[in-house]
Amino acid sequence: MEQRPLGRTGADVSVIGLGTWQLGGDWGDVDDDAAAEVLDAALDAGVTLLDTADVYGDGRSEERIRRALVTRDDRPFVATKAGRRAHPFEAAQYTPENLRAWIDRSRRNLGVDTLDLVQLHCPPTAVYSDQRVYDALDSFVEDGAIAAYGVSVETVAEGLTALEHPGVQTIQVILNVFRRKPLEELLPAAAKAGVGILARVPLASGLLTGKYDESTTFAADDHRNFNRNGEAFDVGETFAGVPFEVGVAAAREVAEIAGDSVPTAAFALRWVIDQPGVTTVIPGARNVTQVRGNVAAASMANLSDSQLADLERVYDERIRAHVHDRW
Ligand SMILES: NC(=O)c1ccc[n+]([C@@H]2O[C@H](COP(=O)([O-])OP(=O)(O)OC[C@H]3O[C@@H](n4cnc5c(N)ncnc54)[C@H](OP(=O)(O)O)[C@@H]3O)[C@@H](O)[C@H]2O)c1
């Protein structure tokens, strides 16, 4: 699989990574065996970057990664996140002491002395411009608790703010066929600064597989049920903020553009990794079939000019009004 340098971290990572929110919770049940199979299948297929967070299943995703890795010789780059354990969820909670406690817990969960990468996990906007937070993170790099840090953002504006801080090595942002705004300013600015981009929610929570229809329902413990209107966290994380029925109709058009011989999911992922400035894309997967389908995007042909133009038209006609000015 193609590997790309992750910003200035010194690490090369696979162009298709693995998102492991599904291995923690919020996506219906994924049991221990299924989680282990997903991790093994991804690593066997050449995935060398795993994205997790301390709050995915309250640490379950990180612990499952630790358990999967003890049985293997290879060592992927593990990007975790900190900051969503803050109670109340406000900027004042982002103290050096709290950050350190969250990071130390992730080190224990993952069974490592030094975390490869810690990303601020979509904190309140004010945190991205708080120099004390970056100073704390710099001190954790110096004492070896973390090798590098980055940010995960909801908005392009937050990403641009983070880029003003030279210690930031990576930005994680929603980028997919239905979320194109980062292409305008954020990705060029990140490339210029030598900052890696992790593209998340690349399938718009599954919409861009083309497999749902207007009657599809989701389990009670799946955020695609309980966060449909942003009840639990930013609605942009659920179906990329696109109203479900709008997304289903637009995804039907995307599937037609992909054509019968190309799975829509791989087509949508190929679009993401071909955007200049993207380092890696981190689709989430609940089973081995999904992992393999996603990895296939790395060896697929690039999209044609007419396919690219058609995707842009679908965005402009159906999606832009719902998302472009919001994130
Ligand atoms: N704030 C943050 O920093 C943040 C927020 C969100 C996500 N993330 C990270 O980004 C990762 C990716 O985003 P995401 O998981 O939210 O959304 P996503 O990758 O856009 O969608 C994942 C869903 O797509 C479906 N899917 C995946 N591969 C498929 C395939 N080949 N064929 C058919 N269906 C497939 C599955 O849906 P079904 O479950 O219906 O099968 C899966 O649960 C997460 O796992 C997490 O690591 C970070």
Side-chain angles (χ1 to χ4, degrees), residues 16-30 34-35 38-39 41-42 45 47 49-57 61-62 65 78-84 117-123 150-155 158-159 170-179 198-213 216-219 221-225 227 232-242 244 247 251 255 258 262-272 280-297 300 327:
I16 308 285
L18 177 71
T20 67
W21 185 8
Q22 284 75 358
L23 310 190
D26 297 333
W27 292 82
D29 188 41
V30 179
V38 162
L39 288 164
V47 166
L49 180 134
L50 308 178
D51 179 74
T52 184
D54 57 357
V55 288
Y56 293 165
S61 172
E62 290 182 326
I65 289 171
V78 181
T80 192
K81 309 189 196 80
R84 291 221 149 231
L117 180 75
V118 168
Q119 305 158 95
L120 291 177
H121 196 172
C122 295
V151 294
S152 183
V153 300
E154 301 288 8
T155 67
E158 289 169 347
T170 60
I171 293 180
Q172 182 177 138
V173 64
I174 298 183
L175 176 71
N176 61 46
V177 165
F178 291 166
R179 286 287 286 272
L198 286 76
R200 79 166 178 272
V201 195
L203 299 172
S205 313
L207 272 177
L208 283 164
T209 65
K211 68 180 177 181
Y212 310 136
D213 65 27
T216 304
T217 56
F218 299 91
D221 59 350
D222 188 317
H223 72 100
R224 295 169 295 183
N225 181 338
N227 195 50
F233 44 80
D234 192 303
V235 72
E237 305 297 347
T238 300
F239 302 124
V242 178
F244 185 65
V262 178
T264 309
F267 180 77
L269 295 176
R270 186 74 233 180
W271 180 89
V272 174
T280 182
V281 67
I282 51 168
R286 286 159 41 90
N287 57 50
V288 170
T289 307
Q290 292 181 356
V291 170
R292 295 197 181 126
N294 296 340
V295 166
M300 243 178 79
W327 290 283

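Indexing begins at 1, ligand by ligand and atom by atom, following the structure's order.
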*Asks:* If we check side-chain hydrogen bond (donor to acceptor under 3.5 Å, both in side chains) with Glu62, which of these qualifies: Thr20, Thr52, Thr80?
*Replies:* Thr80
*Asks:* Note the single closest protein heavy atom to atom 44 (C) of ligand 1, along with its residue, its atom name and the distance in Å.
*Replies:* Trp21 CB, 3.8 Å
*Asks:* Using 0.5 Å steps for rounding, measure from the CG atom of Leu120 to the CD1 atom of Ile171.
*Replies:* 11.0 Å
*Asks:* Can you find a side-chain donor-acceptor pair between Asp51 and Gln172 that sits under 3.5 Å?
*Replies:* yes
*Asks:* Does Phe244 reach the side chain of Leu207, with side-chain heavy atoms less than 4.5 Å apart?
*Replies:* yes
*Asks:* Please confirm whether Tyr56 approaches ligand 1 to less than 4.0 Å, judged on its heavy atoms.
*Replies:* yes
*Asks:* For ligand 1, is there an N or O atom under 3.5 Å from any N or O atom of Asn294?
*Replies:* yes
*Asks:* For ligand 1, find out whether one of its N or O atoms is nearer than 3.5 Å to an N or O atom of Gly293.
*Replies:* no
*Asks:* Who's the nearest protein heavy-atom neighbour of atom 13 (O) of ligand 1, and how far?
*Replies:* Val201 N, 3.2 Å
*Asks:* Around atom 15 (O) of ligand 1, find the nearest protein heavy atom and jot down its residue, atom name and distance.
*Replies:* Gln22 NE2, 2.8 Å
*Asks:* Using a strict cut-off of 4.0 Å, indicate which atoms of ligand 1 neighbour a heavy atom of Gly284.
*Replies:* 12 (C), 15 (O), 19 (O), 22 (C), 27 (C), 28 (N), 42 (C), 45 (O)
*Asks:* Show me which atoms of ligand 1 lie under 4.0 Å from any heavy atom of Arg224.
*Replies:* 37 (O), 38 (P), 39 (O), 40 (O)
*Asks:* Report the part of Gln290 (side chain from C-beta onward, or backbone N, CA, C, O) that has a heavy atom under 4.0 Å from ligand 1; answer both or neither where that applies.
*Replies:* both
*Asks:* One residue to check: Ala266. Relative to ligand 1, which of side chain, backbone, both or neither has a non-hydrogen atom less than 4.0 Å away?
*Replies:* neither
*Asks:* Quick one: look at Lys211 and ligand 1, take heavy-atom pairs under 4.0 Å, and tell me if it's side chain, backbone, both or neither.
*Replies:* side chain
*Asks:* Between Tyr212 and Phe218, how do the two ring planes meet: parallel, tilted or perpendicular, split at 30° and 60°?
*Replies:* perpendicular
*Asks:* Is it the side chain (CB and beyond), the backbone, both or neither of Glu154 that lies under 4.0 Å from ligand 1, heavy atoms counted?
*Replies:* neither
*Asks:* Quick one: closest heavy-atom pair of Ser152 and Pro123, and the distance?
*Replies:* O-CD, 4.1 Å
*Asks:* Taking CZ in Arg292 as the centre, count heavy atoms belonging to other residues, nucleotides or ligands within less than 6.0 Å. Is the count above 12?
*Replies:* no
*Asks:* With a cut-off of 4.0 Å, which atoms of ligand 1 are near a heavy atom of Tyr212?
*Replies:* 37 (O), 38 (P), 40 (O)
*Asks:* Among all protein heavy atoms, pick out the one at the shortest distance from atom 14 (P) of ligand 1; state its residue, atom name and that distance to 0.1 Å.
*Replies:* Trp27 CZ2, 3.6 Å
*Asks:* With distance as the sole test, does Asn294 use its side chain to make a donor-acceptor pair with the main-chain N or O of Ala297 at under 3.5 Å?
*Replies:* no
*Asks:* For atom 25 (C) of ligand 1, what is the closest protein heavy atom, and at what distance to 0.1 Å?
*Replies:* Gly206 CA, 3.9 Å
*Asks:* So which of Leu49, Val38, Ile282 actually passes side-chain contact (heavy atoms from CB on, under 4.5 Å) with Leu18?
*Replies:* Val38
*Asks:* Of all the atoms in ligand 1, which lie at a distance below 4.0 Å from a heavy atom belonging to His121?
*Replies:* 1 (N), 2 (C), 3 (O)
*Asks:* With a 4.0 Å heavy-atom cut-off (strictly under), which part of Thr20 contacts ligand 1: side chain, backbone, both or neither?
*Replies:* backbone
*Asks:* Do the side chains of Val201 and Arg179 get nearer than 4.5 Å, heavy atoms only?
*Replies:* no
*Asks:* In the protein, what heavy atom is nearest to atom 11 (C) of ligand 1, and what distance, to one decimal place, separates them?
*Replies:* Ile282 O, 3.1 Å
*Asks:* Please confirm whether Ser205 comes under 4.0 Å of ligand 1, counting heavy atoms of the residue only.
*Replies:* yes
*Asks:* Tell me the closest heavy-atom pair linking Ala219 and Asn225, and the distance in Å.
*Replies:* O-CB, 3.2 Å
*Asks:* Starting from atom 6 (C) of ligand 1, find the nearest protein heavy-atom neighbour and note its residue, name and distance.
*Replies:* Glu237 OE1, 3.3 Å
*Asks:* Side chains of Val291 and Val47: closer than 4.5 Å at any heavy-atom pair?
*Replies:* no
*Asks:* Indicate the ring-plane relationship of Trp21 and Trp27, choosing parallel, tilted or perpendicular according to the 30° and 60° boundaries.
*Replies:* perpendicular
*Asks:* Flag Leu203 as yes when one of its N or O atoms lies below 3.5 Å from any N or O atom of ligand 1, and as no otherwise.
*Replies:* yes
*Asks:* At less than 4.0 angstrom from any non-hydrogen atom of Ser152, what atoms of ligand 1 do you find?
*Replies:* 1 (N), 2 (C), 3 (O)
*Asks:* Which of the atoms in ligand 1, numbered in the order shown and given with their element, are less than 4.0 Å from a heavy-atom of Pro283?
*Replies:* 19 (O)
*Asks:* Any idea which atoms of ligand 1 are less than 4.0 Å away from a heavy-atom of Cys122?
*Replies:* 1 (N)
*Asks:* Which atoms of ligand 1 sit under 4.0 Å from any heavy atom of Asp51?
*Replies:* 9 (C), 46 (C), 47 (O)
*Asks:* What residue and heavy atom of the protein are closest to atom 39 (O) of ligand 1, and at what distance?
*Replies:* Arg286 CD, 2.5 Å
*Asks:* Can you name the closest pair of heavy atoms from His121 and Ala53 and give their distance?
*Replies:* CE1-CB, 3.6 Å
*Asks:* Does Pro202 reach the side chain of Leu208, with side-chain heavy atoms less than 4.5 Å apart?
*Replies:* no
